[in-house]
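Worksheet: one structure, shown below.
Chain identifiers are assigned alphabetically (A, B, ...) following the order of the sequence lines, protein sequences preceding nucleic acid strands; residue numbering begins at 1 within each chain.
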Amino acid sequence: MTNLVMPSLVYFAAACLAPLIPHARLRAVLLLGVPVLAAATFFSATYGTSHILPLFDTHLKIFRLDALSYVFALVFSLAAFLSLLYAAHIRDRLEQVSTLIYAGSAIGAVFAGDLVTLFVFWEGTAIASVFLIWSRRTEGSYATGLRYITAQIASGLLLLIGIVLFYHDTGSVAFERMTLDSTATWCIFIAFGIKCAFPLLHNWLQDSYPAATLTGTVTLSAFTTKLAVYALARGFAGTEYLIYIGAVMTLFPVFFAAIENNLRRVLSYSLNNQLGFMVVGVGIGTPLALDGTVAHAFAHVIYKSLLFMSVGAVLYRTGTDKASELGGLWKSMPLTMVLCIVGAMSISAFPLFSGFIAKSLIVSASEPYLWVWFALMIASVGVLEHAGIKIPFSMFFGHRSAADAPKVEEAPLHMIIAMSFAAGLCIAIGVWPENLYAILPYPVDYVPYTTAHVVTQLQLLFFAILAFALLMRFGLYPLEYRSINLEFDWLYRRFLPRLVSRLAMRVTHAWRSLAGRTTAIATRILSYSPPANSASTGTMVLWIAILLGIVLCLAYL
Amino acid sequence: MPQFIAQHLPILQVIVPLIAAPFCALISVRNGAWWLAFVTSLVTFAISVLLFAATFDGEIISYHLGGWAPPIGIEYRVDMLNAFVLTIVSGTGVLTLLYARASVAHEVDAKQHGLFYTAFVLCLTGLLGVTITGDAFNVFVFLEISSLATYAIVASGAKTDRRALTAAYNYLIMGTIGATFFVIGLGLLYMITGTLNMADLAQRLLEHGDSRTLRMGYAFILVGLGLKLAMFPLHQWLPNAYTYAPSAVSAFLSATATKVAIYVLLRFLFSVFGFSIPFEADILFLVVLPLALAGSLIGAYIATYQDNLKRLLAYSSISQIGAMLIGVSMLSASGLMAAIIHLFNHAVTKASLYMVAGAYAKEAGTVSIRELRGVGRDMPFTTAAFVVGGMSLIGIPLTVGFISKWYLVEAALMRGWWPVVIVIVVSSLIALIYVGKFIEAAYMHPAPQGIIRREAPLTMLIPMWIFAGLSLFFGINSSLTSEAAARAAQGLVAASSLIWQ
Amino acid sequence: MTNYITRSVLIVLGLICIGLAAVDLYVARHSSLGFDSIPFFYCVLGFIAYAALIFMAKALRRVISRPENYYGLQAIDSESEAKHD
Amino acid sequence: MHHHLILRVVAKLLLPFILLYALYVQWHGDYGPGGGFQAGVIFAVGFVLYALVYGVDELTRILPRPVLITGMIAGVILYAGTGLVGLFQGLTFLDYNGLAADSRHGQEWGILLVELGVGITVASSMTAIFVAFATREPDIDDEDW
């Protein structure tokens, strides 16, 4: 036991104390200190530090610091800081407390050295985060939150079952690399998969992120899925299934994103696609690929926050985040536009931006798998389409000229500061990649800025932009209109409920007619009337008699 | 500790509250009855703790009443299991009495307080007596003492709701039938063996072997106790009784009465019958296990529909009792341990939850979930206690509920009973719904117009939070409870003739 | 005015693309893939992939597009927008 | 209150015998059929008969509520107290050997006192239950039925 304070405890303590501060401004400012304080506890600690807590007949390693957990904890701290800064205008204590608990749980989970601790924090992120959705306080957000929490709890339960089985099989709950050779590890794998939004398990993400408050979405986008990527990288690195799962994940959201009207949902699809890159990296499992995954997760958290923040700022000023209702805001929100474009260029992997130096690692590592490499290239074009072009274009230019656009103010100062901070980081990482490479788990001897690489990347991107421009010119680019798109969630939001209600109606009908007939017969024969009060002593005694009868019958058998 | 007291601990455990009870009715000073009852419960708790400490390393204390040695005389016999249950009962007694002062003053007529506390202490006496005695007929006598007193204290909720009278009356009818079945079963056993001392009974039943009479006796005792412990579908007396009783009584009974009945069931199944003939185990698999599974699901399911918070908790109790019976039906040391630890954990959790409900009844004047909307803001500490208890009901880690579920699932897996694991998980999921329903109403909705609610007084908050704190403390550090439960379970298995373990 | 801007943007973009394609002839690539050293590989890939993606997405939209209130009036997409703080 | 003359006279005549019989059952309980439970009930029967014929008010005049409650309590205390004596003599609870110089006499005393305690409690409880029912104010007045 060292004298290191667990960083997650800093968040939890702050979550307990924060609501007691009466002044909203003061509270918002003080909260900014929390991620800094928490990061300070592990920032300069040596790798290998751990805490052991005895529980049951085993020992739990509730804190483990190594290269992998360090990077994730660092970027989570950054994300928590950005979210809190961006949300400085919020007075809702519930949302602040859940942000703190959510961030604290995510960081705690990253430091978990055993599965039980991981499970505790895993559920912590699930339960805390749902309040970011419910904080919107509409009926729709409540229903969405319920669907979200169901998926999250299902993941937690599967994890728990997996842990129990794993403990049963091996007698250990240590969280180390696993192989998919038993029910236990499959359960854990699928639990991770739900949180990582694997194809067909992904719907909770696109369903819920647009439903959160505008600040809540920024927070949500950073933690849950990246925690799952961390868990996969720790537990299932080199599992071949992941390569193909990841490849599918990079591709299919691209199509949905291209035709989605709600911009926060577009970003959610984009998030899913980006996770695909990381999952491919985990699946390949070579040091280069894992470094790529970690670097990509790091860069991704920052530019995805930036994009969500810019959409949030527009939503804050105009009251909508739907592409069909927006456009032409470049004149009234120029700063937001510039920052949004920085985020868009980062995610599209323009050279000198963070996406470029991170994604390249994964793409290079995927070269032995030809089709996967190909999928990643196409997906990169897709990223450019929906996140690089569609997001900034539909908000700031689009089908409206600046004259038609509603006259709104520039985003509030604290939002601009938060976005500038994120944008600065995007550029800094892109220009000086060696600082990020230095903290990755494996030594990196990769050079992103070769002439060939820069040129090919620019060719890919600019010809895609050219295609966009030409399609636009000839009116072939799909215009946005108010609509939603069916997705896999149609199954459980529409099909199954209808099916069940129909079946239930049938069964009720059948039962009623049967029961009606039986009662009629019984009444006629026995002139028996059912007791009015279901819990009358008569009924109770009847049950006793039945039960005693059964037991006695068995006794005579 | 003087030798004199150390020597007589087992009898003092029962006799102290028995003698104190009548004096409660005599004292006419304001709050005098409460003070006497409270001091008495403190003394009994101290005695239980001493007994617990004395038996923790496996010693068995035997006390002969009237100097007559068993099997002729009555014997009080304390081992790990009894001592554990005694501690639960008397500890709950202390805290509920502390809580009762404000709560009962609100819910029971002032002029009935003397008699109320008399009945309360008598109920405590009965429950302690049932637990401590080693004599089968004595179990019946104490069971009746506690039950009769219980009917009275349940009925005393009539000031706030007249339905308490009907509830108490139904409870009386059902309780009497249960006790009668139990005594019929005892009579049949006495026919076979001619003895009533439990240890002696076990010995002679083993020698006797299988017979119709024995099977009948087993059946009657099982069903009788099933009624007392509210085994599904014999639970129907429980929801009304717990709903309309004064809140302190609900808290006390939910933590003790059914738990003691489960203790008696364990004692009879393992120590007396001991599964010497296959029939006994068969019944457990064929009848008790399915009913326990059904109970744990249906109880939870019905709970999700309740608007009355106390009734919701009552149905949740039925579900949790189902979980304990699942543990018992596994007929393994780990299953028993899970049942015993759940017995403690559920007692702690449910007591705190009923105390919360009582605080609402006093301060908000209602226990209807619909009318309690937004109560989380007006009564933050009380509602926070509910959140802790609710998490424990669901089985979220760091609460005792998780510990119970963990051991239960592990025991089921050891037996390879997959469907049982699923039932346990599903019933926790349903628990999530009914707990979530209240928490959502308490925190996410605005309060109804024109309602003034204040935080509950400290005398209610302190015991409530002691229970809530315990359910967190033992959820984090369960070494004491799991150790005690494991030893108690081993003792029971060792006493029985379970050969397939 | 708008037309003028659009046209000049298009022209600038075209010039950049021509420049990039020209550079392709001078840069030697050493990737392990081999086939990507075909001239203008990345240019063609970027253009075709983008166009194909858009057309496929448009086809997909015909199948799955629904009115906003498809899941009832109490779903996120059909709720009023003014609920944000 | 002057109806049922015969009943009133016969009841008054019977009462002493009922009480005497109760006492007989009480004192013979230790070595014959009977004992405190039965005796207590017979005692109570006497009072109930009295109340039935002469009215509950008459009964509560001679046996007010406090007296009944005190009776119940005193019986329990007598019972438990007898048991406690053994405890204080260094024996176990309910050990009567020390109640007299001779352990045989001690046992006799013990049984007698314990049974007396039971008898008093049962008699007063039964009477109290009867009184409680008989004096209960009906929710609905007789005229309103």
query = Quick one: CG on B:Leu227 to CD1 on A:Ile544, what's the gap to the nearest 0.5 Å?
reply = 4.0 Å
message = Between B:Val425 and A:Leu160, is there a side-chain heavy-atom distance shorter than 4.5 Å?
response = no
query = Are B:Leu234 and A:Met540 side-chain neighbours, meaning at least one heavy-atom pair lies under 4.5 Å?
reply = no
message = Return the CD to CG distance between A:Glu123 and B:Leu398, rounded to the nearest 0.5 Å.
response = 11.0 Å
remark   = If one checks every heavy atom of B:Leu413 against chain A at 4.5 Å, the contacting part turns out to be both
note = Closest non-hydrogen contact found for B:Phe279 with A:Val551 is CZ-O, 4.3 Å
ask   = Side chain, backbone, both or neither: which part of A:Ile149 has a heavy atom under 4.5 Å from chain B?
value = neither
query = Can you check whether A:Leu554 reaches B:Arg215 side chain to side chain, under 4.5 Å on heavy atoms?
reply = no
ask   = Would you say A:Trp186 has more than 12 foreign heavy atoms packed within less than 6.0 Å of its CH2?
value = yes
query = Is the count of non-hydrogen atoms from other residues, nucleotides or ligands lying under 6.0 Å from A:Phe12 atom CZ greater than 12?
reply = yes
message = If we count only N and O atoms by modelled type, under 3.5 Å, do the side chains of B:Glu440 and A:Tyr142 hold a donor and an acceptor together?
response = yes
ask   = Looking at side-chain heavy atoms only, is the closest gap between A:Tyr167 and B:Trp406 below 4.5 Å?
value = yes
task = Please look at B:Leu214 and chain A and tell me whether the side chain, the backbone, both or neither of the residue comes under 4.5 angstrom of a heavy atom of that chain.
result = neither
message = Taking side chain as everything from C-beta outward and backbone as N, CA, C, O, which of these in A:Leu94 sits under 4.5 Å from a heavy atom of chain B? Side chain, backbone, both or neither.
response = side chain
ask   = Going from CG on A:Leu547 to CZ on B:Phe232, what distance comes out if it is rounded to the nearest 0.5 angstrom?
value = 10.5 Å
query = Taking the side chain as C-beta and beyond, is there a heavy-atom pair between B:Val409 and A:Ile161 under 4.5 Å?
reply = no
query = If you look at every heavy atom in B:Ala219 and A:Leu548, which pair is closest and at what distance?
reply = O-CD1, 4.1 Å
task = Begin with the C-alpha distance, continue with both residues' side-chain angles, and end with the deciding distance and a verdict on side-chain contact (heavy atoms from CB on, under 4.5 Å) for A:Phe131 and B:Tyr443.
result = CA-CA 11 Å; A:Phe131 288 97; B:Tyr443 284 109; over 6 Å; no
inquiry  = Can you tell me how far apart CD1 (A:Ile127) and CG (B:Leu432) are? Round to the nearest 0.5 Å.
reply    = 7.5 Å
query = At a heavy-atom separation under 4.5 Å, does B:Phe181 approach chain A through its side chain, its backbone, both, or neither?
reply = side chain
Other residues, nucleotides, ligands: >12 heavy atoms within 6.0 Å of A:Tyr492 OH = yes
Stepwise side-chain contact (heavy atoms from CB on, under 4.5 Å) test for A:Ile153 and B:Leu429 = CA-CA 9 Å; A:Ile153 295 284; B:Leu429 274 184; 4.1 Å; yes
note = If you tally heavy-atom pairs under 4.5 Å between each of A:Leu157, A:Ile546, A:Ile550 and chain B, the highest tally belongs to A:Leu157
remark   = Turns out that what part of B:Met231 lies under 4.5 Å from chain A's heavy atoms comes down to side chain
ask   = Can you check whether B:Met414 reaches A:His168 side chain to side chain, under 4.5 Å on heavy atoms?
value = yes
ask   = In this structure, are over 12 heavy atoms from other groups packed under 6.0 Å from A:Arg93 atom CZ?
value = yes
